[in-house]
Structures are given as C-alpha cells and as structure tokens.
Amino acid sequence: MSNARAPAADTSDHADGPLHVAIIMDGNGRWAAARGLPRAEGHRRGVEALRRVVQASHELGIRYLTIFSFSSENWSRPATEIGDLFGLLRRFIRNDLATLHRDGVRVRVIGERHGLEPDICALLEEAEQLTRHNTKLDLIVAFNYGSRQEIASAAQRLAREVAEGKRDPASIDADTLARYLDAPEIPDPDLIIRTSGEQRLSNFLMWQAAYSELVFVPIHWPDFDKAALEGAIAEFARRERRFGGLVAKTGS
C-alpha cells in the first residue's frame, strides 16, 4: 500500500481528518465472554459494528478504510471458530455487497488467497469485480493477511526478477519494494486504530505504518461506532506529525 515516505500534511478534502484509516478490529471474543455469550455472537456483533463504521467513514470524509478481518495467524484458532468467521464473511458479502455497491464503495482484498476454499475466493473476486469502478470509499479488506508475509512475497518477486536478469539489484530501494506490495496504489494509512485496549500492530501493515498515527481505544470492537471513530479522529487532529524534523499539524 503505497510507499515508505512521509505522507503529505494535508492529503484529505477535510484538513482536520485522515484520508486513510486502518482498523484492527479486536475484542469480539472478550465482548462475548463478558456477557456470557458464545464467541460466535461476538463475531456477529462485530459485523454489525463494521456496517456502522463503513457508513460513518463515508459520512466523515474518509477516503480509504482498511480493516483487519482475518489474520494469517488466526488459523491457529479452533476449527469451529474459523468456520464461524468464514460463515460470517460469506453472509456479509452475500447480504451487504449490493448495499456497498449502491453506496459507491469499492471493495479491495489484500492477503493470501492460495489455499482458501473455492467459494470464498469466488466471493472475494465477485466483490472486487462488482465494485471496481466505485469512487466514494475504498474498503480494503485484509483477509488471510500478514504483513511479514506480504513483505516477504514482495522480496521474492524482486529476487526472481534479479535471478532472471530483468532487474539490477542496485535498482531496488524502499519505493521499489513498496510497489510490489499487495495494493501499492493505496496511500499509506494516516491513522491506525486498535480496539480492545491492546497496544501493538500484530503483523498488520507494518511497512505502511511507518508514519501512521496510532490510537488505541479501550472498548471492544462490537461496541465501536461513529462516536468512537470521531473520538479517534479528534485525537489524530490534536497531534503534531513529525517527519524527520518537519512538523505538520493534522488539525486546524
């Protein structure tokens, strides 16, 4: 997703808001456990939160929204939970894709598709193809995604070009490698939000996060809504962004 250079101080139509917000949607299981509910119910409520946030992002002038929906590390979870998560993905695409398309949302998917069930791959492809010309909001879904694997895959592609004599190793720099990531035309996130109080990236957009502002909120993902998103954006706007000594105020 774009390059490792510092983002522009004002890249959005809204001077006090981020152009690209990325969210680590954490805490579905803990939300459910706190209420004596099965984890599957937490994931279901998490999908409802996603619907709210997609709508709120458009209303708040966010141009790109990236969500961490399924990590490559999530395969270590119990098979029943993985089945529940995949079932929710199927229902979300089948039930919500028409609405997303109507609302001008372009769906992009990053992550590994090799080894996924054929119907999942077909649904992801359908979502991308149907919405490819939409321009109001890019919804980037990180599915079966891990940032280290993304970077390693980019390095492997460059290494093959060198081995085949198509590229001089001296031509490879940070910008070159960035162009081989999963969605190089998407600008790096201005703001990364993680819910549920954890304060780490967990292998999410590590290359692209080089100059991102990080906001950690204590609420679990199923309780996240437009007000919580506005609060994170307000925190973003209060910060002074420093890129190698340059101070860029995010807000007015």
Side-chain angles (χ1 to χ4, degrees), residues 1 11-28 31-32 40-70 85 87-111 123-124 126-143 145 183 186-196 204-205 212-213 215-237 250-251:
M1 302 170 95
T11 54
S12 173
D13 291 337
H14 300 258
D16 58 348
L19 176 74
H20 182 178
V21 173
I23 304 178
I24 302 173
M25 306 181 296
D26 194 16
N28 291 344
W31 182 93
E41 180 63 15
H43 295 311
R44 189 184 73 80
R45 295 295 184 91
V47 171
E48 294 178 2
L50 175 58
R51 293 189 182 104
R52 294 193 299 267
V53 169
V54 170
Q55 179 61 36
S57 296
H58 176 61
E59 294 171 357
L60 295 172
I62 294 167
R63 183 62 185 81
Y64 302 92
L65 174 67
T66 298
I67 58 167
F68 203 3
S69 65
F70 188 81
L85 289 168
L88 283 170
L89 173 69
R90 291 182 175 97
R91 288 193 292 276
F92 178 77
I93 293 178
R94 289 167 180 157
N95 297 338
D96 291 63
L97 183 57
T99 300
L100 293 171
H101 183 44
R102 182 199 66 200
D103 292 343
V105 177
R106 181 188 185 192
V107 178
R108 306 288 305 281
V109 182
I110 60 174
L123 286 171
L124 298 177
E126 177 188 356
E128 289 186 313
Q129 288 300 314
L130 178 65
T131 63
R132 66 188 184 278
H133 297 305
N134 294 340
T135 59
K136 291 186 177 179
L137 171 71
D138 275 36
L139 175 62
I140 302 99
V141 181
F143 184 78
Y145 173 85
I186 302 295
D188 294 341
D190 305 289
L191 169 63
I192 297 178
I193 302 167
R194 180 165 186 159
T195 60
S196 204
F204 180 56
L205 301 181
S212 302
E213 296 296 322
V215 173
F216 303 102
V217 297
I219 63 175
H220 298 316
W221 175 246
D223 289 329
F224 199 84
D225 56 13
K226 183 178 181 181
L229 180 58
E230 288 176 318
I233 291 173
E235 171 62 26
F236 170 87
T250 61

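Quick note: numbers below take in every heavy atom, side chains included, and nothing from hydrogens, waters or symmetry partners.
Side-chain atoms of R63 and D138, non-hydrogen and from C-beta on, do get closer than 4.5 Å to each other. Using a 4.5 Å cut-off on side-chain heavy atoms (C-beta onward), L124 and I93 make contact. Side-chain atoms of L130 and L100, non-hydrogen and from C-beta on, never get closer than 4.5 Å to each other. With a 4.5 Å cut-off on side-chain heavy atoms, S69 and L89 do not count as touching. The shortest side-chain heavy-atom distance between V105 and T131 does not fall under the 4.5 Å cut-off. Put simply, the side chain of H20 reaches to within 4.5 Å of the side chain of I186, judged on heavy atoms. Within the 4.5 Å cutoff, side-chain heavy atoms of E126 are placed close to those of L123.
Using a distance-only test at 3.5 Å, with no hydrogens or angles considered, no donor-acceptor pair links the side chain of E41 to the main chain of A32. For R52 (side chain) and F224 (main-chain N/O), a donor-acceptor pair under 3.5 Å exists by modelled atom type. Distance alone, capped at 3.5 Å, places no donor-acceptor pair between the W221 side chain and the T195 backbone.
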**Message:** Between R194 and D26, does the salt bridge (charged side-chain N to carboxylate O under 4.0 Å, His left out) criterion hold? Intermediate values first, please.
**Reply:** CA-CA 7 Å; R194 180 165 186 159; D26 194 16; 3.0 Å; yes
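Remark: E48 pairs with R44 by the salt bridge (charged side-chain N to carboxylate O under 4.0 Å, His left out) rule, at least two apart or across chains. Residues passing the ring-ring contact (aromatic ring centres under 6.0 Å, His included) test with W31, sequence neighbours excluded: none.
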